[in-house]
2 protein chains.
Amino acid sequence: MQSAAEASDSPLTERQRDVLDAALGLLVEAGDALTMTSVARRASCSKETLYKWFGDRDGLLTATVQWQASKVRGVTVRRDGLDLASLTSGLERFASDWLRVLSGKISVALNRVAVSHAGSDKRDLGAIVLENGPFAMARRLMPLLEVGRDAGLLAFDDTEDAFRTFFGLVVRDVQIRLLLGDRFELTDVAIDGEARRATQQFFALYGAHTNAAG
Amino acid sequence: MQSAAEASDSPLTERQRDVLDAALGLLVEAGDALTMTSVARRASCSKETLYKWFGDRDGLLTATVQWQASKVRGVTVRRDGLDLASLTSGLERFASDWLRVLSGKISVALNRVAVSHAGSDKRDLGAIVLENGPFAMARRLMPLLEVGRDAGLLAFDDTEDAFRTFFGLVVRDVQIRLLLGDRFELTDVAIDGEARRATQQFFALYGAHTNAAG
DNA sequence: ACCGAACCGTAACGTACGGTACGGCAATTG
DNA sequence: CAATTGCCGTACCGTACGTTACGGTTCGGT
């Protein structure tokens, strides 16, 4: 009868959002060593309240991941202006944003905890991260790719396959290295360069003027 | 005074290797829920022996990861026969082997536990996995790429950059999806197809007959 | 046959942490 | 102003697990 934010996506109160932000910060700092007591202390709330609101530790983690996911969502790509330049800049911006999110401390921490809990039979954090990470990227990017194909700028048969190649060209080994704790300097200018390279290579593979082999 | 296999890489006894194999199996089945008691039971040895040999739980995990790493090592690529066909088949075989290892249960389990422990201030499992995973792949593949360039078959400036692109083309989103627990069917024929596609795309980007843009 | 080392099995210890209970306070409601 | 509600702070409980200790057994060396 209680448990406001556990199973349903009822809107969170501001206090609850503050608590989840505290949990998020702690997750970034301490990783999976995050304890209920530490969250309660950081958020200046009682453990009882945590359990009333989120059910159990897993519910708190789930709510935290979803809360972060709800923040990132919404940067949709406009699909008007179908010329080559705007498609190129659209892909570049996309790749750039993606790398920026991917290499952020919050993303790394969230992916870490989701990977840690994957395979467990409890609530699947991995599915949530997957849904709001790669899959969300696919849902947003694939329409753009198809618009580009309809405009005669790109050539491919399988949209998902094209997306996954773009993913590979953008991310390469960055994410796994970050997750495994490799010290990694990825400045803003480096990210922009990576985005440009990936986009250029993608056009080399899927541009309509080159070939259509898939 | 004791601790045979903790810090140094003194050769393991057969019994120790059996114990580590048991730990490995348990790691695949239970993931990070692996307990010292379960390892002792599975390996039919006493906990006292585990602590004498490996120091503590972290030492056992480290030894297990290193033990698996020592098994995989050694599949080097021959670099004679520098024609296009052998280079192509070499890259394809490389990509195929890599995907096969990457999608194996053991690799997934090891990467999971390494990611879970990354950022911890104890022994860095992430570094070990990184060293025997992506970095080992780079060390083995980059010479082959350079041989291909010297033979006039490939064109690139930065070898590491070329390798990382190959990595992206081969792995794409497979690894992160596996780590996050996405149910994933990757049959042997699918892997071979992926390897062929990645190699073909790599030649499209870095083949000497196409362009040399980097 | 005897000794000591290595090791098995198990019991026991300490602690950390998830989860619960309870007393007190502040705000809201009637 | 009494009553209810919601929440903080803290103490508490149960348990799981890392770690240690110890008695009993096997086995190679002398």
Side-chain angles (χ1 to χ4, degrees), chain A residues 1-7 10-23 25-27 29-65 113 116-117 119-123 125, chain B residues 1-7 10-23 26-27 29-65 112-113 116-117 119-123 125:
Chain A
M1 308 325 173
Q2 82 293 52
S3 72
E6 186 186 357
S10 63
L12 300 165
T13 67
E14 184 171 348
R15 183 81 181 103
Q16 285 171 333
R17 276 176 273 142
D18 287 346
V19 169
L20 292 183
D21 276 330
L26 232 30
L27 212 57
E29 296 172 20
D32 212 0
L34 180 276
T35 65
M36 301 299 279
T37 304
S38 68
V39 174
R41 190 166 42 228
R42 171 74 65 99
S44 292
C45 75
S46 71
K47 285 174 39 171
E48 186 181 14
T49 302
L50 291 182
Y51 284 103
K52 179 179 292 184
W53 284 349
F54 307 108
D56 56 5
R57 184 175 187 272
D58 236 54
L60 174 62
L61 286 180
T62 305
T64 304
V65 171
V113 62
S116 306
H117 285 220
S120 168
D121 41 301
K122 315 201 70 173
R123 294 186 199 72
L125 297 181
Chain B
M1 314 319 170
Q2 79 298 47
S3 72
E6 187 185 356
S10 64
L12 300 165
T13 69
E14 185 171 347
R15 182 81 180 102
Q16 285 171 333
R17 276 176 273 144
D18 287 345
V19 169
L20 292 183
D21 276 330
L26 232 30
L27 212 56
E29 296 172 20
D32 212 1
L34 180 277
T35 66
M36 301 298 280
T37 303
S38 68
V39 174
R41 191 167 41 226
R42 171 75 64 99
S44 292
C45 76
S46 73
K47 295 212 274 178
E48 185 180 14
T49 302
L50 291 183
Y51 283 100
K52 179 180 293 187
W53 283 350
F54 307 108
D56 56 5
R57 184 175 187 273
D58 236 55
L60 174 61
L61 285 180
T62 305
T64 304
V65 171
R112 284 227 181 101
V113 62
S116 306
H117 285 220
S120 169
D121 41 300
K122 315 199 70 172
R123 294 185 199 72
L125 297 181

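Quick note on labels: first sequence line is chain A, next is B, and so on, each numbered from 1. The figures that follow rest on heavy atoms only: side chains count, while hydrogens, waters and symmetry mates do not.
Summarising the geometry, the separation between CG on A:Leu50 and C1' on C:dT20 is reported as 13 Å, rounded to the nearest angstrom. Note: CG (A:Leu60) to P (C:dC17) measures 15 Å, nearest angstrom.
Among the nucleotides C:dG18, D:dC17, C:dA11, the one closest to any side-chain atom of A:Met36 is C:dG18. Listed nucleotides D:dC22, C:dC17, C:dG19 differ in distance to B:Glu48; the shortest reach to its side chain belongs to D:dC22. Nearest nucleotide to the side chain of B:Asp56, out of D:dC7, C:dG18, D:dT19: D:dT19. When each of D:dG18, C:dC7, D:dC7 is scored by its nearest atom to the side-chain atoms of B:Trp53, the top-ranked nucleotide is C:dC7.
Counting atom types as modelled, B:Lys47 pairs no side-chain N or O with a base atom of C:dG9 as donor and acceptor under 3.5 Å.
Close to D:dC17, at under 4.0 Å from its OP1 or OP2, lies no side-chain N or O of B:Thr37. Here A:Arg15 reaches the OP1 or OP2 of D:dC8: one of its side-chain N or O atoms lies under 4.0 Å away. Look at A:Thr49 and you'll find a side-chain N or O under 4.0 angstrom from OP1 or OP2 of D:dC8.
One distance of note links OG of B:Ser46 with NZ of B:Lys52; it measures 8.0 Å at 0.5 Å rounding.
A:Arg57 places a side-chain N or O within 3.5 Å of a backbone atom of A:Leu34 that can act as its donor or acceptor partner.
Side-chain contact between A:Val19 and A:Leu12: absent, with no pair of heavy atoms (C-beta onward) separated by less than 4.5 Å.
Nucleic acid contact class of A:Leu34 (heavy atoms, under 4.0 Å, all strands): sugar-phosphate only.
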